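Below is one structure, written out as structure tokens, with a few remarks after it.
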Amino acid sequence: MKIATYNVNSIKVRLGHLTDWLKESEADVVCLQEIKCVDDAFPREQLEDLGYNVAVHGQKTYNGVALISRHPLEDVVTGLPGDDGDEQARYIEAVVPAGDTVLRVCGLYLPNGNPVDSDKFTYKLSWMDRLIARAKELLALEEPFVMAGDYNIIPSPDDVHDPKAWEGDALFRPDSRAKFYELANLGLTDAIRACHTEPHLYTFWDYQAGAWQKDNGIRIDHLMLSPQAADRLSGAGIDRMMRGREKPSDHVPVWAELDF
DNA sequence: ATGCCCACGACACGTGGA
């Protein structure tokens with residue numbers, strides 16, 4: 001089963017890219033971020049016509065996440081538990097039947113956090129605390145799950161073209177990274193890092209200053225696997241070619257293959 | 001050192017992204 005994450009930066013603008021890529025990649029489950037639309041505006045029918053089930057947690061203009069799956073999506077949870085006052089659409093979770101068991105898929109769009117002297121940064125860190133709490137709850141079930149999405153975290157200096165330029169940024173600050181390690185150290189496996197040891201694998205290139213042409217990128221989209229999911233990991237990849245297409249998202253799809 | 005580009009809402013440019 002192929003699980004992927006893709007920050008589309010507007011589903012309206014990127015629907016063609018997404019459907020092209022779905023046909024090429026044959027992904028089974030995809031976590032989408034930054035759909036930037038309300039539930040009713042999501043192109044549900046077009047994706048259903050390609051054989052996907054759809055679950056959406058949308059928001060006008062900003063954020064918005066969705067899950068699409070060739071298998072049923074059950075027990076859908078929208079919104080990250082832990083703060084009923086949080087109105088930003090950044091989290092969606094569902095259970096997907098997988099062989100003789102189930103895979104829980106958690107799609108997330110972690111807050112950017114810049115500027116770091118603002119409440120946006122404290123929101124990022126507290127959001128990560130809630131994600132860690134959710135991971136602890138799910139780990140207690142001892143079932144396969146994946147937390148996949150745009151983490152807005154550069155885990156290590158190997159994951160950025162120019163570490164100096166990112167010093168102090170909310171995506172690379174030691175306290176941001178420490179929270180990510182706290183999550184990983186619960187026992188979650190970074191699918192890309194488990195399959196690829198070479199440095200400088202990126203998932204995002206800024207639109208500005210020729211970042212793509214210079215390969216000035218960062219790795220911020222991750223699939224984090226529970227131990228029971230990591231046991232089934234057989235491959236992972238980054239579909240860089242999507243960044244080279246006409247009118248691309250600034251992120252590209254990242255995927256993991258799990259043997260079910 | 002700073003801005004570059006892109007999407008949105010709703011038509012002018014401000015907000016947000018990373």
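Keep in mind the model is a prediction, meaning the values are calculated, not measured. To find a chain, count down the sequence lines: A is the first, B the second, and so on, and within it residues start at 1.
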Note: for Gly210(A) and Asn114(A) on DNA chain B, the residue whose nearest nucleotide lies more 5' is Gly210(A)
Nearest whole angstrom, please: distance from the P of dG16(B) to the CG of Asp150(A). 17 Å
How many Å lie between CD1 on Ile154(A) and P on dA18(B), as a whole number? 11 Å
Across the strands shown, which category fits Lys120(A) at heavy-atom distances under 4.0 angstrom: base, sugar-phosphate, nothing? sugar-phosphate
With a 4.0 Å cut-off, would you call Asp215(A) and Arg240(A) a salt bridge? yes
Taking NZ, NE, NH1 and NH2 as the nitrogens, is one of them in Arg219(A) or Asp190(A) under 4.0 Å from a carboxylate oxygen of the other? yes
Got a list of protein N/O to nucleotides 6-10 of chain B N/O distances below 3.5 Å?
| unit_1 | atom_1 | unit_2 | atom_2 | d |
| --- | --- | --- | --- | --- |
| dA7(B) | OP1 | Arg14(A) | NH1 | 3.2 |
| dA7(B) | OP1 | Arg14(A) | NH2 | 3.4 |
| dA7(B) | OP2 | Lys247(A) | NZ | 2.8 |
| dA7(B) | O3' | Ser10(A) | OG | 3.4 |
| dC8(B) | OP1 | Ser10(A) | OG | 2.5 |

ring-ring contact (aromatic ring centres under 6.0 Å, His included), that's the test. Do Tyr6(A) and His17(A) meet it? Break it down for me. CA-CA 11 Å; Tyr6(A) 185 16; His17(A) 282 69; 8.1 Å; no
dG17(B) P sits how many Å from Tyr123(A) OH, rounded? 10 Å
Rounding to an integer number of Å, can you tell me how far Gln208(A) CD sits from dG16(B) P? 16 Å
Is there a side-chain polar atom (N or O) of Asn112(A) under 4.0 Å from OP1 or OP2 of dG17(B)? no
Would you confirm whether Tyr207(A), through its side chain, and Pro248(A), through its main-chain N or O, come within 3.5 Å as a donor-acceptor pair? yes
For dA18(B), does the base pair up with any side-chain atom of Asp169(A) as donor and acceptor (N or O, under 3.5 Å, distance only)? no
Starting at CG of Asn63(A) and ending at P of dT15(B), how long is that distance when rounded to a whole Å? 17 Å
How close or far is atom P of dG17(B) from atom CH2 of Trp166(A), stated in whole angstroms? 13 Å
Sticking with atom C1', work out how far dT15(B) lies from dA10(B), rounded to a whole angstrom. 14 Å
Rounding to an integer number of angstrom, what distance separates dA12(B) and dT2(B) when you compare their C1' atoms? 24 Å
Salt bridge present between Asp159(A) and Arg193(A) (N-O < 4.0 angstrom): yes
Rounding to an integer number of angstrom, what distance separates dA18(B) and dC5(B) when you compare their C1' atoms? 12 Å
Does Tyr109(A) place a side-chain N or O at less than 4.0 Å from the phosphate oxygens OP1/OP2 of dA18(B)? yes
Here the distance between atom P of dG3(B) and atom CG of Asn216(A), to the nearest Å, is 17 Å
Distance between the C1' atoms of dA1(B) and dC13(B), in whole angstroms? 25 Å
Any carboxylate oxygen within less than 4.0 angstrom of a Lys/Arg side-chain nitrogen, looking at Glu24(A) and Arg245(A)? yes
Could you tell me the separation between the NE2 atom of His251(A) and the C1' atom of dC5(B), rounded to a whole number of Å? 13 Å
Flag the pair Gln46(A) / Leu18(A) as yes when at least one side-chain heavy-atom distance between them is below 4.5 Å, and no otherwise. no
